[in-house]
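In this text, all values refer to a predicted model and were calculated from it rather than measured experimentally.
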Amino acid sequence: KTTPLSSSVSDSITKRKRAFDKYRAHNLVLSRKLSYSDLHSVDLPYEQLVCGSDQIWNPYYTEPYFLLQDINILKYSYASSIGVEEFPTNKIKLYQNTLSKYEKISSREETAINILEKLSGKKVFKVLDPTFLLSANEWNSFAEEKTLENFNTNSPYILCYFIAENLSYLKNLKRIQERAKIHRIVILPMKPSHFIIDGEIIEDAGLQDFIYLINHANLICTDSFHASAISINLNKNFVTFLRFKSNDKSSQNSRIENLLFHYCLHDRLYIDEKDLNKDFITPIDYKRTNLILQKDREDSFAYLRDIVNN
């Protein structure tokens with residue numbers, strides 16, 4: 001059953017989509033749209049195909065064409081994400097038959113490596129989420145083309161970007177706000193409950209605005225993998241809430257946990273009320289994290305160069 005979107009959320013999605021469509025039209029060089037039958041055409045003008053979109057291989061959402069099924073061209077993956085740590089048995093054969101035909105496979109998720117190696121029979125490489133391939137300086141240059149007007153960065157604020165509809169976020173946010181002694185809240189709404197947070201709502205933020213708002217925030221509160229990743233890349237103070245219950249088979253918590261543990265930032269995870277004792281306010285010491293990230297970036301570019309050279 002599909003739950004109808006409230007008019008406020010629907011309007012926000014429309015505004016945000018308009019901003020993203022404008023960016024895409026002016027900045028991305030794209031082929032024409034291809035159908036599944038187009039991908040099987042003998043006249044397909046490509047020597048290699050690389051797939052790697054976020055959660056492109058999530059077994060609960062994927063389709064055979066995301067796995068490049070029955071396409072007889074050199075196939076690679078870059079940072080292909082499955083998002084889960086429990087794999088449904090009814091999808092095993094599909095993944096075995098398709099992934100075994102890849103030249104090289106890589107994933108952004110530690111928990112996905114073992115799963116994908118068993119399914120493909122191949123070595124699977126751990127690489128960076130694509131957002132980490134850009135340095136903090138490159139992201140800051142990108143954010144200079146923001147479209148937000150009259151946004152006050154001199155007044156401290158907590159930026160809230162949540163994906164889930166979870167009323168407990170409001171209670172947790174209030175407690176963190178009291179500890180941080182930051183009165184101003186800025187919200188990028190995704191669900192109806194986000195509109196009842198007491199703060200400034202920005203509905204039409206585009207890509208550059210998103211980075212700009214993260215970069216100027218004093219604290220970011222999120223349940224998003226990518227908001228967490230960009231916060232790390234920009235060396236920002238942040239708190240990540242777990243989005244799924246621990247008994248949810250389609251839970252994507254593992255990808256966020258992998259991210260934070262890998263960069264020695266597991267103390268930024270807010271699971272329940274006992275985590276209120278954690279120090280989310282003192283600025284994070286990013287020295288160790290940045291050294292790990294530098295090595296990861298070198299390895300990920302090496303993997304991409306290997307694909308191109310082949």
Side-chain angles (χ1 to χ4, degrees), residues 2-36 38 51-56 58 61-63 65-66 79 81 83 129-134 136 138-153 155 157-166 169-170 173 184-217 220-231 233-234 236 238 243 252:
T2 302
T3 304
L5 291 172
S6 68
S7 59
S8 56
V9 174
S10 180
D11 289 345
S12 283
I13 291 173
T14 299
K15 291 175 182 177
R16 193 174 296 117
K17 184 178 184 302
R18 193 179 298 127
F20 275 59
D21 286 345
K22 183 178 179 181
Y23 177 85
R24 188 181 298 113
H26 287 89
N27 294 278
L28 300 186
V29 179
L30 303 173
S31 72
R32 65 180 178 85
K33 288 186 177 180
L34 299 176
S35 67
Y36 191 34
D38 288 332
C51 59
S53 183
D54 189 34
Q55 306 224 37
I56 191 170
N58 186 312
Y61 307 119
T62 197
E63 297 291 343
Y65 49 83
F66 287 139
S81 167
D129 178 271
T131 62
F132 280 117
L133 294 177
L134 292 183
E138 289 170 316
W139 275 122
N140 287 332
S141 296
F142 174 78
E144 288 176 2
E145 298 181 23
K146 65 177 177 63
T147 60
L148 284 175
E149 296 181 358
N150 303 317
F151 183 82
N152 181 9
T153 58
S155 174
Y157 65 93
I158 297 174
L159 178 68
C160 297
Y161 176 66
F162 300 120
I163 296 174
E165 183 85 270
N166 191 331
Y169 288 174
L170 307 184
L173 173 62
R184 185 183 178 202
I185 301 287
V186 176
I187 307 108
L188 301 176
M190 295 290 286
K191 293 289 190 293
S193 66
H194 303 166
F195 285 87
I196 65 176
I197 300 174
D198 185 16
E200 303 168 33
I201 291 176
I202 300 178
E203 300 181 68
D204 56 351
L207 286 168
Q208 295 99 326
D209 302 322
F210 183 65
I211 304 300
Y212 181 84
L213 289 167
I214 289 178
N215 196 39
H216 286 85
I220 297 97
C221 289
T222 187
D223 63 355
S224 157
F225 175 90
H226 283 106
S228 301
I230 291 171
S231 296
N233 205 350
L234 297 179
K236 299 298 296 184
F238 70 98
R243 199 158 94 231
Q252 298 166 24

Distance-minimising heavy-atom pair for Tyr212 and Ala143: N-CB, 3.9 Å
Arg184 to Glu200 - nearest heavy-atom pair and separation: NE-OE2, 2.6 Å
Shortest non-hydrogen contact between Thr62 and Ile56, atoms and distance: OG1-O, 2.8 Å
Gap separating the NE2 atom of His226 from the CG atom of Asp54, nearest 0.5 angstrom: 4.5 Å
Pairwise distance CG(Leu188) to CD1(Ile163) - rounded to 0.5 angstrom: 11.5 Å
Taking every non-hydrogen atom, the tightest pair across Gln55 and Ser81: N-CB, 3.1 Å
Stepwise side chain to side chain contact (heavy atoms under 4.5 Å, CB included) check, Ile197 with Tyr169: CA-CA 10 Å; Ile197 300 174; Tyr169 288 174; over 6 Å; no
Nearest non-hydrogen partners of Ala227 and Tyr161, listed with the distance: CB-CD2, 3.8 Å
Side-chain touch Asp209/Asp204, heavy atoms, less than 4.5 angstrom: no
Spacing of OG belonging to Ser53 relative to CG belonging to Asn58, to within rounding of 0.5 Å: 11.5 Å
Test salt bridge (charged side-chain N to carboxylate O under 4.0 Å, His left out) applied to Asp21 and Arg24, step by step: CA-CA 5 Å; Asp21 286 345; Arg24 188 181 298 113; 2.6 Å; yes
Minimum side-chain heavy-atom gap Lys22-Thr147 below 4.5 Å: no
Rounded distance (nearest 0.5 Å) linking atom CD1 of Ile230 with atom CH2 of Trp139: 5.0 Å
With Tyr65 via ring pair (Phe, Tyr, Trp, His ring centres under 6.0 Å) - residues at least two apart: Tyr36
Nearest-0.5 Å distance, NE2 of residue His216 to CG of residue Leu148: 11.0 Å
Criterion side chain to side chain contact (heavy atoms under 4.5 Å, CB included) against Ser231, the qualifying member of Asn215, Leu159, Ile214, Thr222: Ile214
Main-chain N/O of Ala229 paired to Asp129 side chain as donor or acceptor, under 3.5 Å: no
Step-by-step side chain to side chain contact (heavy atoms under 4.5 Å, CB included) determination, Leu173 to Ile158: CA-CA 9 Å; Leu173 173 62; Ile158 297 174; 4.3 Å; yes
Minimum side-chain heavy-atom gap Phe142-Leu207 below 4.5 Å: yes
CD1-CG distance between Ile187 and Leu213, expressed to the nearest 0.5 angstrom: 11.5 Å
Heavy-atom pair of closest approach, residues Ser228 and Phe238: CB-CE1, 4.4 Å
